[in-house]
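Structure record follows, encoded as structure tokens.
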Amino acid sequence: MNFSRVTVPTLKEKPADAEIASHELLIRAGMMRNVAAGIYTFLPLGASALAKVENIVREEMNRAGACEIVLPNLHPAEAWRESGRWFQYGQEMMRLTDRQGRAFCLGPTAEELVTLAVAKSAPSYRDLPVNLYQIQTKYRDEIRPRFGLLRCREFRMKDAYSFHASYEDLDATYKRMYEAYVAMAKRCSLDVRVVEAPTGLIGGDVSHEFMVLSGVGEDIVVHCLNCDYGANAELEKHQPGRRFGTDSSYPLEEVHTPGLVSVTEVASFLDSSANNVIKCVLYVAGDELIAAFVPGYRELSEVKLARALGTDNFHPMREDERELFPQVTVGFVGPVGLSGVRALFDEELKGKKGLICGANRLDYHYRGVEEGRDFKAEPLVDIALATDGDRCVVCGSELIVTRGIEIGHIFKLGEKYSKPLNALFTDADGSLKPIVMGTYGIGTSRMLATIVEQHHDEKGIKWPKAIAPVDVEVITLNPDREEQLIAGREIYENMIKAGFSVLLDERELSAGVKFNDADLIGIPVQVIIGRKTSEQRTIDLKVRYTGERFEFPADGIEEKIIKVFNDIC
RNA sequence: CGGGGUGUAGCGCAGUCAGGUCAGCGCGCGUGCUUUGGGAGCACGAGGUCGGCGGUUCGAAUCCGCCCACCCCGACCA
């Protein structure tokens with residue numbers, strides 16, 4: 001590859017809309033360009049890096065016994081109507097109509113299509129298990145695309161689907177996929193944390209997310225500092241904290257708290273802290289009002305609440321709904337003497353004393369409140385999010401709460417799709433049974449961005465060897481000096497022959513421009529041909545990742561390049 | 001979809017409030033010469049329906065209306 005013959009439009013300035021490093025650098029390094037909100041073109045170097053990621057994914061999938069297929073991106077509505085998801089998926093699905101008025105969508109995922117494909121062969125238990133995957137462009141009409149490749153409307157994903165005659169067999173494949181995902185992340189130099197995850201729209205019983213811990217991640221992850229326990233914050237488990245309430249009893253007392261609504265306001269007014277205030281969050285489910293009580297210093301988890309309620313058909317009470325529920329005084333709701341609402345209590349409230357809560361009367365709170373004496377915390381449920389310092393339910397060590405980028409997600413689906421789609425197999429006893437399924441997704445374009453998030457500095461990208469768009473960049477600083485140009489081209493040819501991919505920068509630009517472009521683009525090894533080559537027949541090598549520099553004689557430099565390249569971890 | 005904001009040359013921006021040499025700056029781009037070990041210098045030059053449509057006005061990038069696109073916060077979501 002000759003630099004001047006490849007489209008690599010590098011930019012000096014940060015694009016106005018780039019908020020995170022991967023977005024900025026992939027644009028500035030000339031690897032991709034924005035086309036519309038959440039839609040990107042991959043230019044040659046970006047496409048090459050993406051292909052590296054996808055090949056690693058492909059190799060690990062094949063190694064794990066899966067078979068690659070190619071499903072269409074245009075899905076007929078019919079398949080999605082049968083599974084019921086045509087209606088569930090809502091506006092996130094890109095829908096379109098053909099000239100005959102038939103409805104289609106652009107595939108956001110492909111459970112329906114593979115399931116139908118497999119079911120059509122009416123397999124017997126002897127044909128199972130199978131594990132099919134594809135690496136495809138996916139479409140989801142995200143409410144708000146953002147962060148460059150991290151949240152797109154069109155993105156690249158590997159999606160796999162396994163089919164089994166038994167749940168035991170599903171477990172075995174699930175485990176292999178789990179291991180394959182860990183291997184993929186490792187080969188991509190991504191430090192991944194596997195956590196228990198909510199199943200969302202895909203459904204199923206068991207599910208794990210593969211999270212790369214990062215400050216720019218959109219998910220909140222809770223994990224143990226000591227053991228392997230980790231979970232999405234939406235459903236983590238933690239030991240009830242000991243920070244809430246006091247040990248000693250106080251008399252129940254009503255206090256005037258004019259206009260004080262928030263936990264912090266009330267706490268500071270009463271010279272107390274959020275550790276003593278009962279927080280009340282109001283939700284509406286149909287015509288029922290739900291009051292969820294949690295410790296004042298914690299946040300409520302809507303996923304946990306949904307689990308406790310047995311439905312996700314509820315929403316936070318809106319301003320305009322207040323008049324529908326005159327039984328509560330919004331802002332001053334407390335569990336003492338409350339009626340006409342469905343109340344739920346976080347497990348941490350059990351047996352606590354010396355608490356503060358709303359008095360169910362405008363501008364008044366109670367203090368000295370005691371669970372058991374002044375109200376009963378029933379039903380007692382786990383509905384609060386963890387905070388730093390909570391204790392692990394597995395080993396009792398400290399939990400920490402961090403942000404994470406979800407690169408992969410695997411699910412045990414069971415019969416969720418095979419039943420409605422009537423995907424059956426013939427078991428050994430001759431009976432027809434629904435196929436047991438699993439589904440496994442990993443976002444390859446998101447991985448690419450995540451790799452850049454994890455591997456960059458102020459100068460640009462520092463590609464890990466396995467992902468770099470090319471292996472070696474040869475820079476001729478003075479291409480008008482014939483001996484330099486010849487040396488550059490010779491090294492280029494020899495390295496290609498040796499099986500490496502090479503980018504040759506022989507542009508007639510000043511040295512600084514080429515050095516800076518090289519650092520921005522982040523090719524692992526830079527081969528620098530310049531004055532030293534002309535005057536003393538030596539060539540400098542620079543390792544982008546570490547910044548190390550080496551000077552070698554020009555003769556036999558290829559061996560040195562290969563050694564330096566191989567020594568990079 | 002609610003709230004906020006932005007659309008002016010390939011990129012980053014000024015100009016808009018007080019309508020009239022306001023079509024401008026930096027970077028980039030082209031040509032020539034001098035340069036070339038960390039974003040070079042000089043000279044000349046190309047490039048813009050000022051997001052779109054309509055309106056007000058003698059006159060609109062600037063004022064008004066509608067629309068579109070994009071960005072941020074939120075709700076939502078693998």
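Within every chain, numbering begins at 1; the chains are lettered A, B, ... in the order of the sequence lines, protein sequences first and strands thereafter. Because the structure is a prediction, the values reported are computed rather than measured.
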Going by modelled atom types, is there a donor-acceptor pair between the base of [N] and the side chain of [X] at under 3.5 Å?
X	N	result
A:N478	B:G37	no
A:R549	B:G38	yes
A:R144	B:C77	no
A:E13	B:G26	yes

Give one of base, sugar-phosphate or nothing for [X], where a contact means two heavy atoms less than 4.0 Å apart.
X	answer
A:D517	base
A:K138	nothing
A:G530	base
A:Q91	nothing
A:R507	nothing

Please determine if a side-chain N or O atom of [X] lies less than 4.0 Å away from the OP1 or OP2 oxygen of [N].
X	N	value
A:R151	B:A78	no
A:K514	B:U36	no
A:S510	B:U36	no

Which atom pairs, one a donor and one an acceptor, fall under 3.5 Å between side chains of residues 13-29 of chain A and the rest of the protein, sequence neighbours left out?
from: A:S22; atom 1: OG; to: A:E453; atom 2: OE2; distance (Å): 2.7
from: A:H23; atom 1: NE2; to: A:Y40; atom 2: OH; distance (Å): 3.2
from: A:E24; atom 1: OE2; to: A:R28; atom 2: NH1; distance (Å): 3.0
from: A:R28; atom 1: NE; to: A:L11; atom 2: O; distance (Å): 3.0

Can you tell me the Watson-Crick or wobble partner of [N], both distances under 3.5 angstrom?
N	value
B:U36	none
B:G10	B:C27
B:U57	none
B:C1	B:G74

* Structure fact -> Only one of A:F210, A:Y440, A:Y174 passes ring pair (Phe, Tyr, Trp, His ring centres under 6.0 Å) with A:Y181, and that residue is A:F210
* Spacing between A:R531 atom CZ and B:U36 atom P, to the nearest angstrom -> 7 Å
